[in-house]
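Below is one structure, written out as structure tokens, with a few remarks after it.
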Amino acid sequence: MRTAFLHGLMAGAAAIGAMAPTLAATLPTMPANTAAQQDDWWKRAVIYELYPRSFADSDNDGIGDIKGVSAHLDYLADLGVDAVWMTPMFPSPQADFGYDVADYNDVAPQFGTIADMDALIAGGKDRGIKLILDFVINHSSDKHPWFLQSRSAKANPYRDFYIWRDGKPNGAPPNNWTSLFGGSAWTKDAATGQYYYHFFYPEQPDLNWRNMRVEKAMFDAAEWWLKRGVYGYRLDAVGTMFERADLKDNPPAPGKDAFGVPEQNRVNNTEQPEMHTELQRLRGQVIDRYPGRILIGETYVGTAPELTKFYGARNDEVQLPMFLSLIGIRPLTAAALRPKIEAVENNPVGGWPCFALNNHDQRRVSSRYDLPAGTTGDDMARITATLLLTLRGTPILYYGEELGMVNNDPKRVEDVQDIIGKKGWPKEKGRDGERTPMQWDASVNAGFNAGAKPWLPVSADYATRNVAAERADPKSVLNFYRTLIAERRGNPALAGEMTMVDRANPNVLSYVRSGGGRKVLTVLNFGGAASDLTLAQLGGGKFGRVIVQNRATMSSTGIHLAPLGVLVVEIG
Ligand code: GLC
Ligand code: MG
């Protein structure tokens, strides 16, 4: 189950609704960093996460590649995205499908070459699409030259690039910390007899960010791609960047994880305050030296106050810390969503919200929730799309989400590619299901390639659920997304303020966006039953043009919404 992946980093997520308004009083109010905010294209942007292994395979070897991405830039432009965040395409043993980087400044041969990257950056520029890369800051691959050096001898100059400690006198690991991916977070290395620390797989040793030479090497690596025209980074697993220096044991927590290991509260090896200082240095010393560049954070943190710390007290840290806690809500209700959204809306430093509902680590929305009777995954795709694209803030979409792609989960452990799925089967089936090939058309392998066996199987629904078929169908999920994205671009109300209305309603989430003298009302029925609302209860006014609608009907004074019903309408 995917929530297992989140548990470690999202402990206490339930507390997020209780965002303390008092935090505003405890943080100094300082003027915003105006120099850094001049170029704020990212506030109006729609960002598209793309997993290069699975997007398009131009050389027909079963694995997607950079040229495949370039070949589909026109599609991304037509969809209306402003930036692409591409997950790792760096040289890597692929123990964690690229999240084990062996060289931050090169491209894995299976994905292409640096020249292919330059062509992708240029092709994006021609179409107004900026490229953002993934920066895996917590760890490198165990095959990175730094680690090969580091493990070779205690006296090696790279020894302190990673975290090495003696075991306990009885030979046990230095402390009780466990890896999010199963077992102890320490692995004993034969060359020196010491243990090294890894929050994730043993193939992903944690970098030692207390070493200023690590900072220098990593800042240089980040700058290298900015010079080539990349627009910034999505920071991988930021919460794990620092550990308590005294290696204090973590307190136990109830139950066992999917790998059979007793749970613990990872208070001493996640969310350490030093990470904020370090991220502010990255922002100031690297990112802000290149106009318009941004940091996006993979910020799976427990509470809204913790999340909003990532903006920095002067908005001088991460521009877009992703608010990922909406993903964990079960069941998905208006009552659960509203306080979480409001907590981010009211963050004390005025940081710009950033929301994502799908990514390469999470079940796709169409397959994630129990569906109300009479509804389908496509209805769930439409209601979540509407939420994401009409909230105030920057949305991050995940490839295939715009088609309503479903999870295509492995049925047998032999078919699993993702190691956590092999280790945790059947409790944890891994993340293969949400990483299957993009569905382009009804031809062989959904047009992902020319017929070679793809690294993960194409979903069975591809003959009808694909870009070509959905583009031609006005009622498709794809055209629903296109309509909403186009509206965001053209309607100043969707760039303006947001006011929650009908706030006590436990089933229907409603809010008004206003700007440029225009107003847009969004009404979303997350309840299991039909619901009738009057326009007066939703803030009044008169219905204008309908922007999108699904399972909703209107009279002159009110709205009737079936379960998962959606209405986005201009208010006159
Ligand atoms: C992030 C990535 C995930 C990866 C992990 C370790 O959470 O999104 O895919 O496994 O970091 O790098
Ligand atoms: Mg290929």
Side-chain angles (χ1 to χ4, degrees), residues 2-11 13 47 49-54 85-102 104 132-144 147 162 178-183 185 197-207 209 218 233-241 243 257-259 266 269-271 275 295-301 310 318 320-325 327-328 354 356-364 396 398-399 416-424 428-436 455-456:
R2 200 54 24 76
T3 48
F5 178 71
L6 292 173
H7 274 153
L9 296 177
M10 289 184 74
I47 300 176
E49 178 195 352
L50 176 161
Y51 199 72
R53 276 186 95 79
S54 303
W85 146 37
M86 188 163 71
T87 63
M89 76 302 154
F90 313 103
S92 161
Q94 305 285 325
D96 192 16
F97 297 113
Y99 282 95
D100 46 327
V101 179
Y104 290 91
I132 293 168
L133 296 184
D134 218 305
F135 193 29
V136 187
I137 48 170
N138 175 64
H139 48 268
S140 73
S141 161
D142 64 343
K143 298 296 183 297
H144 194 293
F147 190 75
Y162 298 87
T178 54
S179 162
L180 189 67
F181 287 174
Y197 172 71
H198 50 88
F199 187 85
F200 298 96
Y201 295 129
E203 294 86 348
Q204 297 167 300
D206 274 47
L207 287 158
W209 277 92
M218 290 295 277
Y233 291 98
R234 174 266 193 184
L235 300 169
D236 183 63
V238 279
T240 62
M241 205 172 172
E243 306 71 35
D257 66 19
F259 314 102
R266 295 192 169 94
N269 58 341
T270 63
E271 293 185 48
M275 77 187 160
L295 293 174
I296 303 172
E298 191 205 13
T299 35
Y300 279 112
V301 295
F310 284 99
V318 175
L320 297 175
M322 279 188 257
F323 189 64
L324 296 165
S325 293
I327 294 173
C354 176
L357 294 170
N358 292 277
N359 64 42
H360 63 283
D361 299 321
Q362 303 291 341
R363 290 190 71 74
R364 290 180 177 274
I396 304 188
Y398 178 54
Y399 84 90
V416 174
Q417 298 283 334
D418 188 16
I419 298 178
I420 57 170
K422 295 186 200 206
K423 281 169 65 171
E428 167 63 69
K429 295 196 165 93
R431 297 162 288 178
D432 293 352
E434 55 265 29
R435 297 175 176 179
T436 58
W455 78 288
L456 287 173

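Counting starts at 1 for both ligands and their atoms, following the listed order. Any value given below was found using the heavy atoms of this structure, including those in side chains, with hydrogens, waters and symmetry copies removed. When a residue number appears, it is its place in the shown sequence, counting from 1.
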Quick one: does N269's side chain get under 4.5 Å of F199's, heavy atoms only? yes
Ligand 1 to D361, heavy atom cutoff 4.0 Å, flagged ligand atoms 2 (C), 3 (C), 7 (O), 8 (O), 9 (O)
Atoms of ligand 1 under 4.0 Å from any heavy atom of H139, numbered from 1 in the order shown, are 6 (C), 12 (O)
*Are the side chains of S141 and P93 in touch, meaning some heavy atoms are under 4.5 Å apart?*
yes
Near D96 (heavy-atom distance under 4.0 Å), the atoms of ligand 1 are 4 (C), 5 (C), 6 (C), 10 (O), 12 (O)
Validation row, ring centre H360 to ring centre Y99 under 6.0 Å:
yes
**Study point:** Pair R266, T178: side-chain N/O donor-acceptor within cut-off below 3.5 Å
**Key:** yes
- Is the distance between the ring centroids of Y104 and H144 under 6.0 Å? yes
For F181, the ligand 1 atoms with a heavy-atom partner under 4.0 Å come out as 10 (O)
Smallest heavy-atom separation, G239 atom then M275 atom, equals CA-SD, 3.9 Å
Margin query: So is R435 touching ligand 1 or not, going by heavy atoms under 4.0 Å?
Written below: yes
Looking only at non-hydrogen atoms, the one of D236, V101, D134 nearest atom 2 (C) of ligand 1 is D236
Heavy-atom nearest pair, G182 first then K423, reads O-NZ, 3.6 Å
Taking only non-hydrogen atoms of F200 and a 4.0 Å limit, the atoms of ligand 1 in range are 5 (C), 6 (C)
Tell me whether ligand 1 is touched by Y300 - counting only heavy atoms on the residue side and a distance under 4.0 Å.
no
For T240 and F200, the nearest pair of non-hydrogen atoms, with its separation, is OG1-CE1, 4.1 Å
In ligand 1, the atoms that come under 4.0 Å of a heavy atom of H360 are 2 (C), 3 (C), 8 (O), 9 (O)
Any heavy atom of R234 under 4.0 Å from ligand 1? The part involved is side chain
The atoms of ligand 1 lying under 4.0 Å from a heavy atom of R431, numbered in the order shown, are 3 (C), 4 (C), 9 (O), 10 (O)
